[in-house]
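Below is one structure, written out as structure tokens; the observations come after it.
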Amino acid sequence: MPELPEVEVTRLSLADRIADARIVSARLGKPLRWPLGVEPSALEGRVVQGVRRRGKYLLLDLDQGLLLVHLGMSGSLNFAPTQAPVGPHDHFELVTSRGTLRLRDPRRFGAVVWVAGEDTVQAVRLLGRLGMEPLGEAFDLAAFQRGLRRRSGAIKSVLLAGDLVVGVGNIYASEVLFLAGIRPTTRASRLSAARAERLHAAIREVLARAVSQGGSTLRDFSSAHGEAGHFQLEAKVYGREGLPCRVCGTPIRSLRQGQRSTYYCPRCQRP
DNA sequence: CCATATACCTGGCAGC
DNA sequence: TGCTGCCAGGTATATG
């Protein structure tokens, strides 16, 4: 579920409220993708200083070390002064002086990992190969164009890989390529400089718009406040196979790329 | 270096 | 109704 917009919406809804909170206790449920890396009791007394985001990871800065949180495919965070009873899919919990933070993740592809610092082996293993951040100054057009030229694979797959630019997942990859007018099967290396520039702009535009809409709620995503997102209502192609293109009316098509569904308009998106 | 397949796990849904 | 098979927002890792 969570692509960059959902992770950023989570961060925005959490950061101010959890800042300066002191951890009272930590609890684990079933195993997540990776082990926490410390005894939960070792987190007691730590203070949450802030929440950053890198790609689809949330970084909870503590006064000693930090927690790397990934929502995987089905994860969501909730932060509230008082919580409902623990459910069968609540697999991590931090009780703090300002409220209780819970990770609900039915599929358990998500993770919470404590690391002593961002330069540790474990942190570098997880964060070290991430591509450019698409929002803000770091998303350099020339570097993006150079990166695309080096890739022979389909542009959809290159976007998903996350080592050139982070944050574009399966929903937004289709949406971004629609906005840029690019066929998902086009080889990245064969995109003209002009089309690469349109793609660069489309990535920023779609992701920023999705953040402003509170992300996409397909099944059960919600912010740490519990609010659903609305971007799925304005999706142009994702999940719309057979329905008329919102721009030209041509039926939307779907195909499989690297075991993932891709949606596109055969008329608006030229190879 | 790059591209692709695989694995992880649960729940929802279409089809029979 | 109950079963089976497929599909789902991600990505580290192995393999070619």
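The sequence lines fix the lettering, A, B, ..., with proteins before strands; numbering per chain opens at 1.
Between A/Arg108 and B/dG11 there is no side-chain polar atom (N or O) within less than 4.0 angstrom of OP1 or OP2. Residue A/His89 has a polar side-chain atom (N or O) positioned under 4.0 Å from OP1 or OP2 of B/dG11. Put simply, A/Lys30 has no side-chain N or O that comes within less than 4.0 Å of OP1 or OP2 on B/dC9. One finds no side-chain N or O of A/Arg129 lying less than 4.0 angstrom from the OP1 or OP2 phosphate oxygen of C/dA12. Note on A/Arg260: a side-chain N or O is less than 4.0 Å away from OP1 or OP2 of C/dG9. For C/dA12, one of the phosphate oxygens OP1 or OP2 lies less than 4.0 angstrom from a side-chain nitrogen or oxygen of A/Tyr57. Residue A/His70 has a polar side-chain atom (N or O) positioned under 4.0 Å from OP1 or OP2 of C/dT11.
Taking 4.0 Å as the cut-off between side-chain N and carboxylate O, A/Arg246 and A/Glu234 do not count as a salt-bridged pair. Between A/Arg151 and A/Asp163 there is a salt bridge, since a side-chain N of the basic residue sits under 4.0 Å from a carboxylate O of the acidic one.
If you check every strand for non-hydrogen atoms under 4.0 Å, A/Arg33 touches a base. At the heavy-atom level, A/Ser189 lies nowhere under 4.0 Å from the strands shown. Within 4.0 Å (heavy atoms only), A/Ser152 reaches sugar-phosphate atoms of the nucleic acid but no base atom. Using a 4.0 Å heavy-atom cutoff across all strands shown, A/Arg187 reaches no nucleic acid atom at all. A/Phe231 comes within 4.0 angstrom of no nucleic acid atom, judged by non-hydrogen atoms across all strands.
To the nearest whole angstrom, the two P atoms, one in B/dC9 and one in C/dC3, are 23 Å apart. The same atom, P, is picked in B/dC13 and in C/dG9; the two are 16 Å apart, to the nearest Å.
Using the six-membered ring where Trp is involved, A/Phe139 and A/Phe144 have ring planes that are perpendicular, over 60° apart on the 30 and 60° scheme.
Aromatic stacking of A/Phe109 on C/dG10: satisfied, with centres closer than 5.5 Å and planes within an angle under 30 degrees.
Distance CZ (A/Arg54) to P (C/dT11): 12 Å, rounded to an integer number of Å. In this structure, A/Ile155 atom CD1 and B/dC2 atom P are separated by 14 Å, rounded to whole Å. One interatomic measurement links the two molecules: CG of A/Asp163 to P of C/dG10, which rounds to 15 Å at whole-angstrom precision. As a whole-Å value, the separation of A/Leu58 CG from C/dG10 C1' is 14 Å. We find that CD of A/Glu241 is positioned 11 Å from P of C/dA8, with the value rounded to whole Å. If you take CG of A/Leu160 and P of B/dA3, they are 13 Å apart, rounded to a whole angstrom. Whole-Å rounding puts the A/Lys156 NZ to B/dT4 P distance at 12 Å. Look at CG on A/Leu148: it is 16 Å from C1' on B/dA3, rounded to the nearest Å.
Of the candidates C/dT13, C/dC7, C/dG10, C/dC7 carries the atom nearest the A/Ser261 side chain, counting heavy atoms from C-beta on. Out of C/dG10, C/dA12, B/dG11, the shortest distance to the side chain of A/Leu126 is found at C/dA12. In this structure, the nucleotide among B/dC9, C/dT11, C/dG9 sitting nearest to the side chain of A/Arg107 is B/dC9. Distance from the side chain of A/Arg151 is smallest to B/dA3 among B/dA3, C/dG9, C/dA12. Of the candidates C/dC7, B/dA5, C/dG9, the closest approach to any side-chain atom of A/Gln259 belongs to B/dA5.
A side-chain N or O of A/Tyr172 and one of A/Ser216 form a donor-acceptor pair less than 3.5 Å apart. Side-chain polar atoms of A/Arg256 and A/Ser261 form a donor-acceptor pair below 3.5 angstrom.
Counting heavy atoms from C-beta on, the side chains of A/Lys56 and A/Pro2 never come closer than 4.5 Å.
In a base pair of the Watson-Crick type (N1 to N3 plus N6-O4 or O6-N4) or a G-U wobble (N1-O2 and O6-N3), with each distance short of 3.5 Å, C/dG9 is matched with no nucleotide. Pairing for C/dG16 goes to B/dC2, judged as Watson-Crick or G-U wobble with the two contacts each under 3.5 Å.
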Task: CA sep, side-chain torsions, deciding dist, call: A/Arg52, A/Glu118, salt bridge (Lys or Arg N to Asp or Glu O under 4.0 Å) - done: CA-CA 12 Å; A/Arg52 292 176 291 147; A/Glu118 286 176 76; 2.8 Å; yes

